[in-house]
Amino acid sequence: FGFPQMVRFAFVPSKSALAILESLKSGGTTYAFSALLKPQSISKDPVNSLHKKFVYEQEVLELFEAIDGSKDDEGLLSFLDYDKIKDGKMCQHIVCVLPYCASCDALEALIENNRDEFKNLKDYEIINISGVDSPNEYRSVQAVKATIKQCAAEGKKTITLTVNRMLTGSTVEEWDTMIFLKDTASPQEYDQAIFRLQNQYIREYVGSDGDIIKFNMKPQTLLVDFDPHRMFVMQEQ
């Protein structure tokens, strides 16, 4: 088996999110996308839980509703609800790259609070490995890998939330999709992150005649980026 083929999707965000991004850029914000995904507090707020709520909560919700397929948006393919992706058993184990550690807590809360309204995200187990709310939940790389492996064995889909953790030097063979939701000007950081998907994921089965059958679990991987210009520039560099 060779390495999986990577399919790269570049989308513009939802209309409301795009309007905020343009407003932020016009106001001089350099890292507008990170500002869009910024929580109300970047440190743990034990009193009001502001680290669990985005500044632009409604826009982030609409973005994930569009990704999920529970809401249409003309600028974005609802890839989690796309028949060919479902038929190909893709997007089984997603890693979502966010700008702040507390963004992981805010996204976890957003998905949990709206789980019943999501068509596809409702089926995903959330693995938050970078949040500030419970920093010791996944203390080791081995704990993260074991959790994802167990979910895969039980037929559960997963979405791992991270900022930088496990995007260099680690391999999670089940990861088949990356949603890149933070700003970066470093081609090296971008390339290191997306390379996390480019490993083999082979399962062995015993056939009826006792022979070992090897099955390629991810012949293709998906990179989903919401900054089309950045995707092409980084690839060129």
Side-chain angles (χ1 to χ4, degrees), residues 11-68 70-71 73 76 80 94-140 143-144 147 157-167 178-186 189 193 224-227 230:
F11 300 122
V12 293
S14 64
K15 286 184 178 179
S16 57
L18 198 59
I20 288 175
L21 287 172
E22 292 302 321
S23 175
L24 288 167
K25 289 176 182 177
S26 298
T29 302
T30 303
Y31 298 108
F33 212 89
S34 291
L36 178 66
L37 274 294
K38 187 176 182 178
Q40 294 185 19
S41 173
I42 61 173
S43 57
K44 185 173 181 177
D45 175 17
V47 178
N48 298 309
S49 296
L50 295 180
H51 62 292
K52 293 185 176 183
K53 191 173 180 64
F54 291 105
V55 173
Y56 299 104
E57 183 84 359
Q58 184 59 37
E59 286 72 23
V60 177
L61 175 60
E62 290 177 2
L63 175 63
F64 276 87
E65 286 174 334
I67 289 171
D68 173 73
S70 51
K71 185 174 183 177
D73 190 285
L76 198 160
L80 291 186
I94 300 170
V95 54
C96 186
V97 184
L98 295 158
Y100 299 93
C101 290
S103 300
C104 299
D105 297 312
L107 184 54
E108 179 180 11
L110 183 142
I111 294 173
E112 290 292 359
N113 292 340
N114 296 277
R115 190 174 284 274
D116 292 342
E117 283 72 46
F118 286 126
K119 293 173 63 177
N120 296 284
L121 280 169
K122 65 180 181 181
D123 298 326
Y124 283 79
E125 190 87 9
I126 301 172
I127 302 172
N128 182 352
I129 67 173
S130 292
V132 300
D133 196 55
S134 302
N136 296 321
E137 186 171 1
Y138 297 101
R139 299 191 68 174
S140 68
V144 178
T147 300
K157 300 177 184 179
T158 65
I159 179 167
T160 303
L161 310 181
T162 188
V163 177
N164 295 310
R165 191 180 179 202
M166 295 183 68
L167 296 185
M178 177 173 286
I179 303 175
F180 207 92
L181 290 172
K182 74 170 184 176
D183 291 299
T184 179
S186 168
E189 180 187 18
V224 182
D225 197 330
F226 289 89
D227 187 340
R230 185 254 306 280

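Remark: the backbone N or O of His51 is not paired with any side-chain donor or acceptor of Asp105 at under 3.5 angstrom. Put simply, the side chain of Lys71 never gets that close to the backbone of Ala66: no donor and acceptor are under 3.5 Å apart. No donor-acceptor pair closer than 3.5 Å links the side chain of Ser23 to the backbone N or O of Ala19.
Using cut-offs of 30° and 60° for the angle between ring planes, the Phe226 and Phe33 rings count as parallel.
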Could you please spell out the steps behind the side chain to side chain contact (heavy atoms under 4.5 Å, CB included) verdict for Glu189 and Asn164?
CA-CA 9 Å; Glu189 180 187 18; Asn164 295 310; 3.5 Å; yes

For side chain to side chain contact (heavy atoms under 4.5 Å, CB included), just list the numbers for Ile67 and Val224, CA-CA rounded to whole Å, side-chain angles, deciding distance to a tenth of an Å, and then say yes or no.
CA-CA 10 Å; Ile67 289 171; Val224 182; over 6 Å; no

Next item on the list: Given side chain to side chain contact (heavy atoms under 4.5 Å, CB included), test Asp116 with Lys122 step by step and report yes or no.
Entry: CA-CA 6 Å; Asp116 292 342; Lys122 65 180 181 181; over 6 Å; no

ask   = What's the verdict on side chain to side chain contact (heavy atoms under 4.5 Å, CB included) for Met178 and Val97, showing C-alpha distance, side-chain angles and the deciding distance?
value = CA-CA 7 Å; Met178 177 173 286; Val97 184; 4.0 Å; yes

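A heavy-atom distance below 4.5 Å is found between the side chains of Glu65 and Leu61. Between Ile111 and Tyr124 the shortest side-chain heavy-atom distance does not fall below 4.5 Å. Between Leu80 and Ile94 the shortest side-chain heavy-atom distance falls below 4.5 Å.
Nearest heavy atoms, Pro39 versus Ser103: CD-OG, 3.4 Å. Across all non-hydrogen atoms, the minimal contact from Leu37 to Pro99 is CB-CG, 3.6 Å. Summarising the geometry of Leu121 relative to Asp68, their closest heavy-atom pair is N-OD1, 2.7 Å, with the distance given to 0.1 Å. When all heavy atoms of Leu36 and Leu24 are compared, the closest pair comes out as N-CD1, 4.2 Å. Of all heavy-atom pairs between Ser70 and Glu117, the closest is CB-O, 3.6 Å. The minimum heavy-atom distance between Val163 and Ser130, with the atom names listed, is N-OG, 3.4 Å.
Here the CD1 atom belonging to Ile179 is positioned 11.0 Å from the OG1 atom belonging to Thr160, to the nearest 0.5 angstrom. Going from atom CG of Leu63 over to atom CG of Leu181 covers 6.5 Å, rounded to the nearest 0.5 Å. Put simply, CD on Gln58 and CG on Leu110 are 9.0 Å apart, with the number rounded to the nearest 0.5 Å. Of the inter-residue distances, the one linking Leu98 atom CG with Leu107 atom CG reads 5.5 Å to the nearest 0.5 angstrom. Here the straight-line distance linking atom CG of Asn128 with atom SG of Cys96 works out to 10.5 Å at 0.5 Å rounding. Separating the CD1 atom in Ile20 from the CD atom in Glu59 is a distance of 3.5 Å, to the nearest 0.5 Å.
Counting only N and O atoms by type, the side chains of Lys53 and Asn113 include no donor and acceptor under 3.5 Å apart.
A salt bridge does not link Lys52 with Glu112: none of the charged nitrogens is closer than 4.0 Å to a carboxylate oxygen.
Atom NZ of Lys38 has 12 or fewer heavy atoms from other residues, nucleotides or ligands within 6.0 Å.
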